[in-house]
Amino acid sequence: MTSKAIDCLVNVHFGEAESQPTWMLRVRDDYFKGPESMFAPVDLAELLAEMDEQGVRKAILMDSLANPSTTARKFVEARPDRFALAMGGVNLLRPVRSLRELTAVAAELPVAYAVVGPSFWGDGQYPPSDAVYYPLYAKCAELDLPLCINTGIPGPPIPGEVQHPMHLDRVCVRFPELRLCMIHGADPWWDVAIRLLLKYANLRLMTSAWSPKRLPESLLHYMRTRGPDKVIYASDWPVLPMRRVIPEARALDLPAEVLDNYLYNNARDFFFGKDE
(Lines give C-alpha, C1' and ligand atoms only; values in the text may rest on other atoms or scores of the structure.)
Protein backbone atom coordinates (compact mmCIF):
# COMPACT_ATOMS: atom_id res chain seq x y z
CA MET A 1 0.00 0.00 0.00
CA THR A 2 1.28 3.46 -0.85
CA SER A 3 2.06 5.63 2.17
CA LYS A 4 1.87 9.09 0.66
CA ALA A 5 -0.17 11.35 -1.61
CA ILE A 6 -0.35 14.87 -2.97
CA ASP A 7 -3.82 16.40 -3.06
CA CYS A 8 -3.76 18.68 -6.08
CA LEU A 9 -7.02 20.59 -5.58
CA VAL A 10 -8.17 21.76 -2.15
CA ASN A 11 -10.57 24.62 -1.38
CA VAL A 12 -9.96 26.53 1.84
CA HIS A 13 -11.54 29.77 0.61
CA PHE A 14 -15.22 28.78 0.74
CA GLY A 15 -15.63 29.98 4.33
CA GLU A 16 -14.37 33.48 3.52
CA ALA A 17 -17.65 34.49 1.85
CA GLU A 18 -20.62 35.64 3.91
CA SER A 19 -22.89 33.76 1.50
CA GLN A 20 -22.49 31.49 -1.51
CA PRO A 21 -24.08 32.06 -4.93
CA THR A 22 -27.15 30.00 -5.69
CA TRP A 23 -25.31 27.78 -8.16
CA MET A 24 -22.75 26.83 -5.48
CA LEU A 25 -25.53 25.88 -3.09
CA ARG A 26 -27.11 23.76 -5.82
CA VAL A 27 -23.81 22.01 -6.46
CA ARG A 28 -23.55 21.18 -2.76
CA ASP A 29 -27.16 20.16 -2.23
CA ASP A 30 -28.21 18.62 -5.56
CA TYR A 31 -25.00 17.39 -7.17
CA PHE A 32 -22.72 16.27 -4.33
CA LYS A 33 -25.32 15.95 -1.53
CA GLY A 34 -22.78 17.67 0.70
CA PRO A 35 -23.12 18.80 4.33
CA GLU A 36 -23.83 22.34 5.52
CA SER A 37 -20.24 22.48 6.79
CA MET A 38 -18.90 22.41 3.20
CA PHE A 39 -18.78 26.22 3.19
CA ALA A 40 -17.58 26.69 6.78
CA PRO A 41 -14.28 28.41 7.63
CA VAL A 42 -11.30 26.02 7.61
CA ASP A 43 -9.11 25.37 10.63
CA LEU A 44 -5.46 24.81 9.72
CA ALA A 45 -4.85 22.23 12.43
CA GLU A 46 -7.91 20.20 11.41
CA LEU A 47 -6.92 20.22 7.74
CA LEU A 48 -3.37 19.12 8.59
CA ALA A 49 -4.76 16.37 10.81
CA GLU A 50 -6.85 14.98 7.93
CA MET A 51 -3.86 15.21 5.60
CA ASP A 52 -1.60 13.40 8.07
CA GLU A 53 -4.23 10.73 8.69
CA GLN A 54 -4.43 9.98 4.95
CA GLY A 55 -0.73 10.33 4.14
CA VAL A 56 -1.11 13.58 2.18
CA ARG A 57 2.32 15.21 2.15
CA LYS A 58 1.24 18.37 0.30
CA ALA A 59 -1.99 20.07 -0.79
CA ILE A 60 -2.50 22.62 -3.55
CA LEU A 61 -4.93 25.36 -2.44
CA MET A 62 -7.17 27.25 -4.85
CA ASP A 63 -6.51 31.01 -5.02
CA SER A 64 -7.42 33.82 -7.40
CA LEU A 65 -5.84 36.98 -8.72
CA ALA A 66 -9.29 38.58 -8.88
CA ASN A 67 -10.31 37.55 -5.34
CA PRO A 68 -7.22 36.56 -3.35
CA SER A 69 -7.84 34.01 -0.61
CA THR A 70 -6.54 35.23 2.73
CA THR A 71 -6.93 31.72 4.12
CA ALA A 72 -4.95 30.03 1.36
CA ARG A 73 -2.12 32.51 1.57
CA LYS A 74 -2.08 32.34 5.38
CA PHE A 75 -1.80 28.55 5.23
CA VAL A 76 1.01 28.72 2.66
CA GLU A 77 2.87 31.25 4.80
CA ALA A 78 2.44 29.12 7.91
CA ARG A 79 3.38 25.80 6.29
CA PRO A 80 5.18 26.24 2.96
CA ASP A 81 6.37 22.65 3.32
CA ARG A 82 2.77 21.39 3.15
CA PHE A 83 0.93 23.83 0.87
CA ALA A 84 1.21 25.47 -2.55
CA LEU A 85 -1.24 27.57 -4.57
CA ALA A 86 -3.32 27.12 -7.71
CA MET A 87 -3.84 30.57 -9.22
CA GLY A 88 -6.97 31.49 -11.17
CA GLY A 89 -8.72 34.76 -11.86
CA VAL A 90 -6.82 35.86 -15.00
CA ASN A 91 -8.86 38.37 -17.02
CA LEU A 92 -8.56 36.78 -20.44
CA LEU A 93 -10.28 39.68 -22.22
CA ARG A 94 -7.83 42.21 -20.74
CA PRO A 95 -4.87 39.95 -20.10
CA VAL A 96 -1.77 42.16 -19.84
CA ARG A 97 -2.27 43.42 -16.28
CA SER A 98 -3.48 40.02 -15.04
CA LEU A 99 -0.50 38.22 -16.53
CA ARG A 100 1.88 40.72 -14.95
CA GLU A 101 0.19 39.96 -11.62
CA LEU A 102 0.46 36.22 -12.24
CA THR A 103 4.17 36.59 -12.96
CA ALA A 104 4.69 38.57 -9.76
CA VAL A 105 2.70 36.17 -7.58
CA ALA A 106 4.49 33.15 -9.02
CA ALA A 107 7.81 34.80 -8.18
CA GLU A 108 6.79 35.54 -4.58
CA LEU A 109 4.68 32.53 -3.59
CA PRO A 110 4.80 28.76 -4.23
CA VAL A 111 2.37 28.57 -7.18
CA ALA A 112 2.04 24.99 -8.45
CA TYR A 113 -0.18 25.84 -11.41
CA ALA A 114 -2.50 28.36 -13.01
CA VAL A 115 -6.12 27.38 -13.58
CA VAL A 116 -9.06 28.40 -15.75
CA GLY A 117 -12.59 27.01 -16.10
CA PRO A 118 -14.07 27.70 -19.57
CA SER A 119 -17.66 27.24 -18.38
CA PHE A 120 -17.20 29.59 -15.45
CA TRP A 121 -16.38 32.88 -17.16
CA GLY A 122 -17.58 34.82 -20.18
CA ASP A 123 -20.97 33.06 -19.97
CA GLY A 124 -19.31 29.93 -21.32
CA GLN A 125 -18.75 31.50 -24.75
CA TYR A 126 -15.05 30.80 -25.18
CA PRO A 127 -13.66 27.28 -25.67
CA PRO A 128 -9.96 26.78 -24.89
CA SER A 129 -9.14 26.83 -28.61
CA ASP A 130 -10.21 30.49 -28.77
CA ALA A 131 -7.44 33.06 -29.18
CA VAL A 132 -8.46 34.86 -25.97
CA TYR A 133 -6.57 32.12 -24.10
CA TYR A 134 -3.38 32.45 -26.11
CA PRO A 135 -1.69 35.12 -23.95
CA LEU A 136 -2.23 32.89 -20.91
CA TYR A 137 -0.83 29.87 -22.74
CA ALA A 138 2.23 31.80 -23.86
CA LYS A 139 2.86 33.26 -20.39
CA CYS A 140 2.54 29.87 -18.65
CA ALA A 141 4.90 28.32 -21.18
CA GLU A 142 7.34 31.19 -20.66
CA LEU A 143 7.19 30.75 -16.86
CA ASP A 144 7.24 26.95 -17.15
CA LEU A 145 4.09 27.07 -15.03
CA PRO A 146 1.60 24.23 -15.57
CA LEU A 147 -1.91 25.25 -16.59
CA CYS A 148 -5.02 23.33 -15.54
CA ILE A 149 -8.24 23.62 -17.56
CA ASN A 150 -11.64 22.28 -16.53
CA THR A 151 -12.93 19.55 -18.83
CA GLY A 152 -16.18 17.60 -18.80
CA ILE A 153 -19.73 18.84 -18.24
CA PRO A 154 -19.69 20.98 -15.09
CA GLY A 155 -21.91 20.34 -12.10
CA PRO A 156 -23.49 23.82 -11.95
CA PRO A 157 -26.28 24.68 -14.41
CA ILE A 158 -24.00 26.58 -16.80
CA PRO A 159 -22.97 25.87 -20.42
CA GLY A 160 -20.72 22.82 -20.70
CA GLU A 161 -19.82 22.36 -24.37
CA VAL A 162 -16.80 24.66 -24.03
CA GLN A 163 -15.28 22.07 -21.69
CA HIS A 164 -15.19 19.31 -24.29
CA PRO A 165 -11.59 18.02 -24.18
CA MET A 166 -11.36 18.08 -27.99
CA HIS A 167 -10.93 21.84 -27.75
CA LEU A 168 -7.46 21.14 -26.34
CA ASP A 169 -6.32 19.37 -29.49
CA ARG A 170 -5.28 22.57 -31.26
CA VAL A 171 -3.86 23.95 -28.02
CA CYS A 172 -1.48 21.02 -27.64
CA VAL A 173 -0.43 21.34 -31.28
CA ARG A 174 0.26 25.08 -31.06
CA PHE A 175 1.79 25.11 -27.57
CA PRO A 176 3.85 21.92 -27.20
CA GLU A 177 5.99 23.67 -24.56
CA LEU A 178 2.94 24.21 -22.31
CA ARG A 179 2.43 21.74 -19.47
CA LEU A 180 -1.34 21.26 -19.63
CA CYS A 181 -3.68 19.29 -17.39
CA MET A 182 -7.39 18.55 -17.74
CA ILE A 183 -9.09 18.78 -14.34
CA HIS A 184 -12.38 17.54 -12.86
CA GLY A 185 -12.22 14.48 -15.11
CA ALA A 186 -13.75 14.53 -18.59
CA ASP A 187 -17.24 13.10 -18.25
CA PRO A 188 -18.93 12.14 -20.58
CA TRP A 189 -15.97 12.44 -22.96
CA TRP A 190 -13.50 10.14 -21.18
CA ASP A 191 -12.51 8.28 -24.34
CA VAL A 192 -11.71 11.52 -26.14
CA ALA A 193 -9.59 12.64 -23.19
CA ILE A 194 -7.72 9.33 -23.16
CA ARG A 195 -7.06 9.59 -26.90
CA LEU A 196 -5.61 13.07 -26.38
CA LEU A 197 -3.45 11.81 -23.51
CA LEU A 198 -2.06 9.15 -25.85
CA LYS A 199 -1.41 11.76 -28.52
CA TYR A 200 0.30 14.55 -26.55
CA ALA A 201 3.31 14.21 -24.25
CA ASN A 202 2.60 17.52 -22.50
CA LEU A 203 -0.99 16.65 -21.46
CA ARG A 204 -2.25 15.17 -18.17
CA LEU A 205 -5.64 14.50 -16.53
CA MET A 206 -6.62 15.16 -12.91
CA THR A 207 -9.55 13.35 -11.30
CA SER A 208 -10.52 16.18 -8.94
CA ALA A 209 -14.18 16.20 -7.84
CA TRP A 210 -14.48 12.54 -8.83
CA SER A 211 -14.96 9.75 -6.36
CA PRO A 212 -12.31 7.17 -7.38
CA LYS A 213 -14.84 4.36 -7.19
CA ARG A 214 -16.85 6.19 -9.89
CA LEU A 215 -13.97 6.45 -12.36
CA PRO A 216 -14.68 4.60 -15.62
CA GLU A 217 -12.97 1.31 -16.34
CA SER A 218 -11.60 2.77 -19.59
CA LEU A 219 -9.52 5.25 -17.57
CA LEU A 220 -8.31 2.62 -15.11
CA HIS A 221 -7.32 0.37 -18.02
CA TYR A 222 -5.38 3.26 -19.56
CA MET A 223 -3.61 3.87 -16.23
CA ARG A 224 -2.66 0.18 -15.99
CA THR A 225 -1.36 0.01 -19.56
CA ARG A 226 -0.19 2.99 -21.62
CA GLY A 227 -0.79 5.83 -19.18
CA PRO A 228 0.72 5.07 -15.76
CA ASP A 229 2.33 8.54 -15.68
CA LYS A 230 -0.58 10.58 -17.06
CA VAL A 231 -3.38 10.61 -14.44
CA ILE A 232 -3.22 12.66 -11.23
CA TYR A 233 -5.23 12.38 -8.02
CA ALA A 234 -7.06 15.29 -6.37
CA SER A 235 -10.05 15.51 -4.05
CA ASP A 236 -11.64 18.97 -4.50
CA TRP A 237 -11.80 19.00 -0.68
CA PRO A 238 -14.11 19.70 1.15
CA VAL A 239 -16.51 18.83 -1.69
CA LEU A 240 -15.06 15.32 -1.42
CA PRO A 241 -13.21 14.71 1.87
CA MET A 242 -9.76 13.13 1.77
CA ARG A 243 -11.00 10.62 4.35
CA ARG A 244 -13.41 9.34 1.71
CA VAL A 245 -11.55 9.50 -1.57
CA ILE A 246 -8.04 8.37 -0.63
CA PRO A 247 -9.27 5.04 0.81
CA GLU A 248 -11.36 4.65 -2.35
CA ALA A 249 -8.27 5.28 -4.48
CA ARG A 250 -6.26 2.71 -2.55
CA ALA A 251 -9.03 0.17 -3.14
CA LEU A 252 -8.85 0.53 -6.94
CA ASP A 253 -7.74 -2.42 -9.04
CA LEU A 254 -4.36 -0.91 -9.84
CA PRO A 255 -0.84 -2.33 -9.52
CA ALA A 256 1.05 -0.84 -6.57
CA GLU A 257 3.40 1.19 -8.75
CA VAL A 258 0.50 2.64 -10.76
CA LEU A 259 -1.32 3.58 -7.55
CA ASP A 260 1.84 5.26 -6.25
CA ASN A 261 2.03 7.23 -9.48
CA TYR A 262 -1.62 8.24 -9.33
CA LEU A 263 -1.54 9.39 -5.70
CA TYR A 264 1.92 10.94 -5.55
CA ASN A 265 4.57 10.54 -8.22
CA ASN A 266 2.70 12.01 -11.18
CA ALA A 267 1.77 15.16 -9.29
CA ARG A 268 5.27 15.51 -7.88
CA ASP A 269 6.87 15.22 -11.31
CA PHE A 270 4.37 17.41 -13.18
CA PHE A 271 3.78 20.20 -10.67
CA PHE A 272 6.86 20.23 -8.44
CA GLY A 273 9.72 18.35 -10.08
CA LYS A 274 11.24 15.04 -9.08
CA ASP A 275 13.19 16.58 -6.16
CA GLU A 276 10.02 17.47 -4.20
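Between S208 and Y233, the side chains place no donor N or O within less than 3.5 Å of an acceptor N or O (distance only, hydrogens not considered). Between Q163 and T151, the side chains place no donor N or O within less than 3.5 Å of an acceptor N or O (distance only, hydrogens not considered).
The two atoms that bring F83 and P110 nearest to each other are O-CG, 4.1 Å, heavy atoms only. When all heavy atoms of P135 and L99 are compared, the closest pair comes out as O-CD1, 3.5 Å. Closest approach of R224 and P255 over heavy atoms only: CG-CD, 3.8 Å. For L178 against N202, the heavy-atom pair with the smallest separation is O-ND2, 2.7 Å. In terms of heavy-atom proximity, G124 sits nearest to V162 at O-CG1, 3.0 Å. Among all heavy-atom pairs drawn from R268 and I6, the shortest one is N-CD1, 3.7 Å.
By the 6.0 Å contact criterion, CD on E217 is enclosed, its count of non-hydrogen atoms from other residues, nucleotides or ligands being greater than 12. By the 6.0 Å contact criterion, CZ on R97 is open, its count of non-hydrogen atoms from other residues, nucleotides or ligands being 12 or less.
None of N11, V10, V42 except one satisfies the side chain to side chain contact (heavy atoms under 4.5 Å, CB included) rule with P238; the exception is N11. When each of Y134, W121, Y133 is checked for a ring-ring contact (aromatic ring centres under 6.0 Å, His included) with Y126, only W121 meets the rule.
In this structure, the side chains of Y113 and I60 come closer than 4.5 Å at one or more pairs of heavy atoms. For the pair P154 and H184, the minimum side-chain heavy-atom distance is 4.5 Å or more. Residues R204 and V231 have side chains not in contact (no heavy-atom distance under 4.5 Å, counting atoms from C-beta outward). Residues L136 and L92 meet the side-chain proximity criterion, which asks for heavy atoms closer than 4.5 Å. Residues C181 and I183 are in side-chain contact: their nearest non-hydrogen atoms beyond the backbone lie under 4.5 Å apart. Two residues are said to be in side-chain contact when any heavy atoms from C-beta on lie closer than 4.5 Å; L44 and K74 fail this criterion. A heavy-atom distance below 4.5 Å is not found between the side chains of M182 and I149. Side-chain contact between N150 and P118 is present, with at least one heavy-atom pair separated by less than 4.5 Å.
With rounding to the nearest 0.5 angstrom, the OG atom of S64 is 11.0 Å from the CG atom of L85. To the nearest 0.5 Å, atoms SG (C172) and CG (L197) are separated by 9.0 Å. How far CD of E77 is from CZ of F75: 12.0 Å, rounded to the nearest 0.5 Å. Taking CE of M242 as the start and OG of S235 as the end, the distance is 5.0 Å to the nearest 0.5 Å. K230 NZ to L196 CG: the interatomic distance, rounded to the nearest 0.5 Å, is 9.5 Å. Rounded to the nearest 0.5 angstrom, I246 CD1 and L263 CG are separated by 6.5 Å.
Cluster membership for V96 and V116, using ILVMFWY side-chain heavy atoms within less than 4.5 angstrom, is not shared.
Applying the salt bridge (charged side-chain N to carboxylate O under 4.0 Å, His left out) rule to pairs touching residues 128-137 yields nothing, sequence neighbours excluded. Residue pairs that meet the salt bridge (charged side-chain N to carboxylate O under 4.0 Å, His left out) test with at least one member in residues 59-70, sequence neighbours left out, are D63-R73. Within the structure, the ring-ring contact (aromatic ring centres under 6.0 Å, His included) test picks out the following pairs touching residues 153-173 (sequence neighbours left out): H164-W189.
Checked for salt-bridge contact, R57 and D52 miss the test: no charged N lies under 4.0 Å from a carboxylate O. Using a 4.0 Å cut-off between a side-chain N of Lys or Arg and a carboxylate O of Asp or Glu, K139 and E142 qualify as a salt bridge. Taking a cutoff of 4.0 Å between a charged side-chain nitrogen and a carboxylate oxygen, K199 and D169 qualify as a salt bridge.
Without hydrogens or angle criteria, T71 side chain to H13 main chain gives no donor-acceptor distance under 3.5 Å. The backbone N or O of G122 lies less than 3.5 Å from a partner atom in the side chain of Q125, making a donor-acceptor pair. Side-chain N or O atoms of R195 include none that pairs as donor or acceptor with a backbone N or O of W190 at under 3.5 Å. Although no hydrogens or angles enter the test, the distance criterion places no donor-acceptor pair under 3.5 Å between the side chain of R243 and the main chain of L240. A distance-only check finds a donor-acceptor pair linking the side chain of S98 to the backbone of N91 [under 3.5 Å]. In terms of modelled atom types and a separation under 3.5 Å, the side chain of D43 and the main chain of E46 share a donor-acceptor contact. Although no hydrogens or angles enter the test, the distance criterion places a donor-acceptor pair under 3.5 Å between the side chain of R179 and the main chain of D144. A donor-acceptor pair is defined here as one N or O able to donate and one able to accept, closer than 3.5 Å; such a pair exists between the side chain of N261 and the backbone of P228. No donor-acceptor distance shorter than 3.5 angstrom exists from the side chain of K58 to the backbone of D7, with no hydrogens or angles considered. A donor-acceptor pair is defined here as one N or O able to donate and one able to accept, closer than 3.5 Å; such a pair exists between the side chain of Y137 and the backbone of P128.
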Query raised in the report: Between M51 and W237, is a side chain to side chain contact (heavy atoms under 4.5 Å, CB included) present by the stated rule, with each step listed?
Result: CA-CA 11 Å; M51 291 169 61; W237 187 98; over 6 Å; no
Requested in this report: Kindly determine whether Q54 and R244 satisfy side chain to side chain contact (heavy atoms under 4.5 Å, CB included), including the steps that lead there.
Outcome: CA-CA 10 Å; Q54 297 301 325; R244 171 185 169 183; over 6 Å; no
Query - Evaluation steps, side chain to side chain contact (heavy atoms under 4.5 Å, CB included), between Y262 and L252 - result: CA-CA 11 Å; Y262 173 52; L252 292 172; 4.3 Å; yes
Query raised in the report: Could you go step by step and tell me if S69 and M62 meet the side chain to side chain contact (heavy atoms under 4.5 Å, CB included) rule?
Result: CA-CA 8 Å; S69 169; M62 294 298 293; over 6 Å; no
